[in-house]
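Notes follow the structure.
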Amino acid sequence: MSILVNSKNKYLLAALSLTVFSCQPSADQLTSDLFDDDSAEVESVVTSVSGSIDDTSGDSYAQLSTQSTNNKYLIWSILLPKATAGNCPLRAAYSVCNAGVKAQSYDGCTPLGGRFERSGEVELSFSQSNCSLAVQGDSVVRTKVMSMNGPYGGQVNHSTDQAQDYLGQNYGGGSKLTLLDSGYQLEILGLHKQVKVKNQERLNISIRTLQPLFVNQIQRDGRQVTSGQIEYNHNLAQYTSKVTFTNLQWDSSCCHPLSGQLQLEYSGSRSGTSQVEFLSCGSAQVTNAQGIVKQIELALCE
């Protein structure tokens with residue numbers, strides 16, 4: 001199975017933290033605790049949604065909360081690319097419309113002082129030749145192939161190209177946002193994400209919608225996702241999670257939800273259920289079927 005993929009992940013912040021701390025553990029030590037399955041799943045699922053919409057709305061890469069007590073997340077929040085930072089271009093929404101297409105390329109640009117390198121392209125293909133979402137039924141498909149490379153052998157790849165998950169299901173195509181009579185419908189047609197550390201694969205996931213998500217508006221400030229279901233396939237651990245959305249809410253300050261819930265139902269090598277509740281920017285808690293509660297932090301924005 002070959003899966004190519006796009007931007008960001010938690011490994012990178014650990015590698016980059018070598019530039020901050022005088023004590024310099026190995027890359028393996030730095031990344032060993034960054035692939036918690038619950039954190040990786042929640043972060044990947046919600047950023048697949050927020051990133052898909054933000055590239056159309058033009059919302060900037062919001063900074064994470066500074067209330068985290070976990071250094072690796074604080075470091076990453078410093079390194080997150082923002083719309084006005086470094087020499088990377090703005091989101092695809094600000095590109096010139098050309099026959100119904102807006103596209104933005106990132107050719108080895110180095111946000112925030114060159115701490116990492118970003119390469120790839122985001123393309124928005126509108127059903128209207130003027131790149132508008134003005135009439136009910138108008139839609140835009142967002143595709144993306146992106147890589148981020150850090151200075152210590154880390155690489156995060158995202159791709160919307162066709163690829164197989166561990167079950168042999170083949171899908172891709174990115175995401176599709178459609179204007180409804182009231183609000184928008186978001187479909188994740190197929191996204192794939194891979195993280196490597198010194199060419200060793202640490203994470204490989206595939207995401208698509210099972211039930212379209214209902215979104216009240218595309219602007220982040222006041223955005224809500226009230227319903228819908230995403231399938232998350234962990235291709236290394238070989239399990240599937242059905243993720244049901246309930247009343248997720250954003251504001252302009254954060255790319256992650258500030259409130260709302262996810263219901264997770266597992267199959268494959270992992271079984272049972274969990275519930276995720278978002279508490280604040282970048283902070284959530286996971287409660288499993290046995291009532292055990294775990295706090296997680298979401299480090300990255302797409």
Side-chain angles (χ1 to χ4, degrees), residues 7-8 42-68 73-74 76-86 88-95 97 102 104 111-112 122 124 126 131-136 138-142 144 174-188 209 212-228 230 243 245-262 276-285 296-302:
S7 58
K8 354 174 179 184
V42 173
E43 182 172 285
S44 296
V45 165
V46 297
T47 57
S48 74
V49 173
S50 59
S52 294
I53 303 173
D54 288 345
D55 265 326
T56 300
S57 68
D59 278 301
S60 66
Y61 297 90
Q63 186 171 358
L64 294 182
S65 169
T66 57
Q67 298 178 1
S68 171
Y73 295 104
L74 289 175
W76 185 255
S77 71
I78 295 170
L79 300 181
L80 275 173
K82 302 179 180 64
T84 58
C88 278
L90 300 179
R91 287 190 180 273
Y94 297 105
S95 302
C97 178
K102 290 185 175 184
Q104 187 62 270
L112 295 177
V122 174
L124 302 175
F126 291 81
C131 299
S132 67
L133 294 174
V135 179
Q136 183 177 351
D138 286 354
S139 64
V140 55
V141 174
R142 177 229 197 200
K144 180 177 183 179
S175 56
K176 182 179 181 180
L177 190 67
T178 303
L179 179 63
L180 305 177
D181 180 50
S182 176
Y184 297 81
Q185 174 181 281
L186 177 66
E187 300 168 85
I188 306 296
T209 48
L213 280 64
F214 178 77
V215 185
N216 68 327
Q217 63 182 46
I218 61 173
Q219 288 72 30
R220 188 188 289 143
D221 193 14
R223 180 189 301 157
Q224 299 179 31
V225 176
T226 56
S227 60
I230 280 179
V243 184
F245 286 64
T246 305
N247 296 328
L248 271 61
Q249 300 190 39
W250 283 255
D251 72 11
S252 60
S253 69
C254 187
C255 66
H256 297 128
L258 303 182
S259 63
Q261 295 83 37
L262 301 175
V276 178
E277 181 178 359
F278 294 94
L279 305 174
S280 61
C281 181
S283 177
Q285 68 179 23
I296 61 173
E297 294 184 75
L298 312 179
L300 307 172
C301 301
E302 180 181 330

* Grab the two heavy atoms, one from A284 and one from V276, that are nearest each other, plus how far apart they are. => CB-CG1, 4.0 Å
* Less than 4.5 Å apart, any side-chain heavy atom of E187 and any of T209? -> yes
* **Geometric cation-pi criterion R223 and W250, 6.0 Å radius, 45° cone** => yes
* Between N216 (side chain) and Q224 (backbone), is there a donor-acceptor pair under 3.5 Å? -> yes
* Among all residues two or more places apart in sequence or in another chain, which pass the side-chain contact (heavy atoms from CB on, under 4.5 Å) test with L180? -> Q185, F214
* Structure fact -> Tightest non-hydrogen contact, residues T56 and A93, listed as O-CB, 3.4 Å
* To do: Show your working on side chain to side chain contact (heavy atoms under 4.5 Å, CB included) between L258 and Q249 and close with a plain yes or no.
  => CA-CA 6 Å; L258 303 182; Q249 300 190 39; 5.8 Å; no
* Q217 side chain to Q219 main-chain N or O, any donor-acceptor pair under 3.5 Å? -> yes
* Output all residues satisfying side chain to side chain donor-acceptor pair (under 3.5 Å) with Q261, sequence neighbours left out; order by chain, then residue number. => none
* Do I53 and Y184 have side-chain heavy atoms sitting under 4.5 Å apart? -> no
* List the steps and the verdict of side chain to side chain contact (heavy atoms under 4.5 Å, CB included) for L186 and V225. => CA-CA 9 Å; L186 177 66; V225 176; over 6 Å; no
* Is the backbone N or O of L90 less than 3.5 Å from a side-chain atom of Q104, with the two atoms forming a donor-acceptor pair by type? -> yes
* To do: Calculate, to the nearest 0.5 Å, the distance between atoms CG and OG belonging to L124 and S52 respectively.
  => 10.0 Å
* side chain to side chain donor-acceptor pair (under 3.5 Å) partners for D251, two or more places apart -> S253
* Asked: Shortest non-hydrogen contact from D138 to A134?
  -> OD2-N, 3.0 Å
* Taking the side chain from S283 and the backbone from S280, do they hold a donor-acceptor pair closer than 3.5 Å? -> no
* **Lys/Arg N to Asp/Glu carboxylate O, R142 vs D54, below 4.0 Å** => no
* So, do R220 and S252 sit near enough that their side-chain heavy atoms are less than 4.5 Å apart? -> no
* To do: Work out which heavy atom in L179 is nearest to a heavy atom in L133; give both atom names and the distance.
  => CD2-O, 3.7 Å
* Asked: Between S50 and H256, does a side chain to side chain contact (heavy atoms under 4.5 Å, CB included) hold up when you go through it step by step?
  -> CA-CA 7 Å; S50 59; H256 297 128; 5.5 Å; no
* To do: Determine, stepwise, if the pair L213 / I230 fulfils side chain to side chain contact (heavy atoms under 4.5 Å, CB included).
  => CA-CA 8 Å; L213 280 64; I230 280 179; 4.0 Å; yes
* Asked: Should we count NZ of K176 as having more than 12 external heavy atoms under 6.0 Å?
  -> no
* **For N247, all residues meeting side-chain contact (heavy atoms from CB on, under 4.5 Å), sequence neighbours excluded** => T226
* Spacing of F126 atom CZ and L177 atom CG [to the nearest 0.5 Å] -> 9.0 Å
* **Over all atoms of both residues, closest heavy-atom pair of I188 and S48** => CD1-O, 3.8 Å
* side chain to side chain donor-acceptor pair (under 3.5 Å) involving S57 - partner list, sequence neighbours excluded -> D59
* Asked: If you look at every heavy atom in L248 and P257, which pair is closest and at what distance?
  -> CD2-CG, 3.6 Å
* Test side chain to side chain donor-acceptor pair (under 3.5 Å) applied to S132 - qualifying residues, sequence neighbours left out -> N130
